Amino acid sequence: MSFSRYNTDDQVVSSETVIRGLFSGDSNQLASFYTSSTYTEYYLDVYNTVTTQSLQFAIQYGNLKGSGSALINPNVPGYTPSRVVYGEYRNLVYGTETTNFSFDGSTTSNDIFVLNFARSRYKESLQPGSFVLTLGSGSNTITLVDDSTTTNLTRFIGENKVLYIISGSTDGVPLASATSSYYGMMFPDLNIVVLNASSSATVNLRSYFAPLTTATSSVQNNHLKLVNSIISGSLTPGGGIKLQSSETVSSTYFFTRVKNSEFNYTTNPSIIDDSGNLLYTTLINNPQTYITSVGMYNDNNELLAVAKLSRPLTKDFTKEALIRIKLDY
């Protein structure tokens with residue numbers, strides 16, 4: 001068997017961004033929401049149908065002081081699932097256990113809601129500019145979008161890229177007057193959206209899900225209040241959640257050059273007899289082969305990959321070929 005080594009100019013690296021809908025079936029909108037009857041105060045899983053129960057995202061409620069959920073241990077005051085959740089995401093976002101969530105850069109938010117999208121639902125990150133969430137409470141609704149279309153800045157909290165959540169329309173367009181009021185933060189590379197559950201003069205989402213934040217020994221299930229608000233918002237035209245995922249796919253192109261003098265003789269032992277003579281004399285002066293695949297080997301002649309041609313390619317001394325192989329990773 002003969003081999004030909006790829007030269008440096010035979011290889012080209014290329015990258016492209018692939019954008020898909022985040023939800024089942026590559027849909028960019030989720031308008032039906034179902035929850036399981038079994039859940040904990042740590043998280044609430046949300047599905048797209050009753051039958052298939054394909055997980056779409058989870059909702060979690062966190063409180064700085066541990067309010068809004070029952071004590072894990074009655075003998076340890078303030079240590080509740082909501083406190084655990086708040087500390088978990090504080091450490092994930094800020095990388096510290098001392099920095100608290102703030103949505104305006106100065107005022108601490110004691111309680112948060114987190115939308116944590118299922119890992120199987122996205123490839124590499126959430127797509128900026130695609131987030132739309134409609135919340136409802138009675139006859140009132142509010143639509144939230146990310147602000148990536150309003151700024152050219154790439155902002156970070158620590159090492160995490162962040163987009164801010166502002167009010168907008170159901171088609172994802174931010175309201176002109178909303179760029180200074182932040183309702184939450186979206187972290188594309190962490191696949192989470194953190195909503196401000198605290199009330200203030202300019203940012204007031206509390207009326208849409210009304211989490212209970214009193215210190216209590218009873219279960220409050222605040223995450224159910226948010227999913228009910230999402231379901232209520234989905235009843236309006238264009239409501240629900242819209243979101244896409246993005247993935248940077250890197251490809252290496254290998255240009256396999258087959259010269260006229262190469263690969264014209266088959267190595268198949270069935271064409272010779274027991275004495276080593278060719279069974280087909282026409283191949284002596286006019287050899288001909290059919291290229292069906294290209295094997296890619298390492299320096300130890302170990303087969304690493306095989307590229308199959310869509311149809312056999314005729315090869316003899318009068319023909320040359322250039323076969324382009326694409327390797328995605």
Side-chain angles (χ1 to χ4, degrees), residues 41-43 57-69 78-117 125-126 128-129 131-133 135 142-168 174-175 177-215 220 222-223 225-226 229-230 243:
E41 283 201 288
Y42 290 97
Y43 65 92
F57 63 93
I59 294 177
Q60 295 176 272
Y61 172 76
N63 187 284
L64 174 62
K65 299 179 180 179
S67 300
S69 58
Y79 197 67
T80 67
S82 65
R83 183 176 178 180
V84 172
V85 170
Y86 191 99
E88 172 191 0
Y89 285 100
R90 173 175 59 184
N91 189 51
L92 178 65
V93 171
Y94 295 99
T96 175
E97 297 180 356
T98 58
T99 302
N100 300 323
F101 277 96
S102 174
F103 296 88
D104 59 6
S106 59
T107 306
T108 295
S109 177
N110 287 340
D111 51 342
I112 59 173
F113 278 106
V114 180
L115 302 180
N116 193 328
F117 296 94
S125 65
L126 306 180
F131 177 75
V132 181
L133 170 64
L135 300 176
I142 184 173
T143 299
L144 307 177
V145 302
D146 70 81
D147 71 342
S148 60
T149 60
T150 67
T151 178
N152 294 322
L153 299 176
T154 301
R155 295 159 297 185
F156 291 86
I157 293 179
E159 297 179 352
N160 300 310
K161 182 179 179 181
V162 60
L163 305 172
Y164 289 95
I165 304 301
I166 58 178
S167 59
L175 298 182
S177 59
T179 56
S180 61
S181 297
Y182 296 144
Y183 292 82
M185 295 181 287
M186 172 178 166
F187 297 90
D189 299 328
L190 298 178
N191 74 296
I192 62 173
V193 172
V194 182
L195 298 178
N196 182 8
S198 295
S199 177
S200 67
T202 57
V203 181
N204 186 2
L205 288 182
R206 199 175 191 83
S207 62
Y208 287 92
F209 31 66
L212 298 176
T213 57
T214 56
Q220 299 299 321
N222 279 321
H223 40 39
K225 297 176 175 62
L226 176 56
S229 180
I230 295 175
L243 193 56

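Both backbone and side-chain heavy atoms feed into the values below; hydrogens, waters and symmetry mates do not. Residues take their numbers from the sequence shown, with the count starting at 1. Because the structure is predicted, anything quoted here is derived from the model rather than measured.
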Taking all non-hydrogen atoms of both residues into account, name the closest pair between [X] and [Y] and its distance.
X: F113; Y: A197; value: CD1-CB, 3.7 Å
X: E41; Y: G68; value: OE2-O, 3.9 Å
X: Q220; Y: S69; value: CG-N, 4.1 Å
X: F131; Y: M186; value: CB-SD, 3.7 Å
X: R155; Y: L163; value: NH2-CA, 4.2 Å

Does the side chain of [Y] come within less than 4.5 Å of [X]'s, by heavy atoms?
X: L115; Y: I59; value: yes
X: L133; Y: V193; value: no
X: L135; Y: L226; value: yes
X: I112; Y: N196; value: no
X: I157; Y: M185; value: yes
X: D189; Y: E159; value: no

Between [atom1] on residue [X] and [atom2] on residue [Y], distance to nearest 0.5 Å:
X: T108; Y: L64; atom1: OG1; atom2: CG; answer: 7.5 Å
X: Y183; Y: I142; atom1: OH; atom2: CD1; answer: 4.0 Å
X: R90; Y: T99; atom1: CZ; atom2: OG1; answer: 8.0 Å
X: Q60; Y: I192; atom1: CD; atom2: CD1; answer: 9.0 Å
X: N116; Y: F187; atom1: CG; atom2: CZ; answer: 12.5 Å

Check your understanding: Is the distance between the ring centroids of F103 and Y182 under 6.0 Å?
Key -> no

Would the distance check show the side chain of [X] and the main-chain N or O of [Y] forming a donor-acceptor pair, the cut-off being under 3.5 Å?
X: T150; Y: D147; answer: yes
X: S82; Y: Y61; answer: no
X: E97; Y: G87; answer: no
X: N160; Y: G95; answer: no

Exercise for review: Check step by step if ring pair (Phe, Tyr, Trp, His ring centres under 6.0 Å) holds for Y86 and F101.
Suggested key: CA-CA 9 Å; Y86 191 99; F101 277 96; 5.5 Å; yes

Point to revise | Test side-chain contact (heavy atoms from CB on, under 4.5 Å) applied to L144 and L195, I166, V132, the passing residue | key: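 Going through the options one by one, the only one that passes is L195.
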
Review point. Which of these passes side-chain contact (heavy atoms from CB on, under 4.5 Å) with N63: V84, D111, T80, V85?
Key: D111

Exercise for review: Give a yes or no on this: more than 12 heavy atoms of other residues, nucleotides or ligands lie within 6.0 Å of atom OH of Y43.
Suggested key: no

Check your understanding: Who are the ring pair (Phe, Tyr, Trp, His ring centres under 6.0 Å) partners of F57, not counting sequence neighbours?
Key ->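 F57 satisfies ring pair (Phe, Tyr, Trp, His ring centres under 6.0 Å) with F117 only.
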
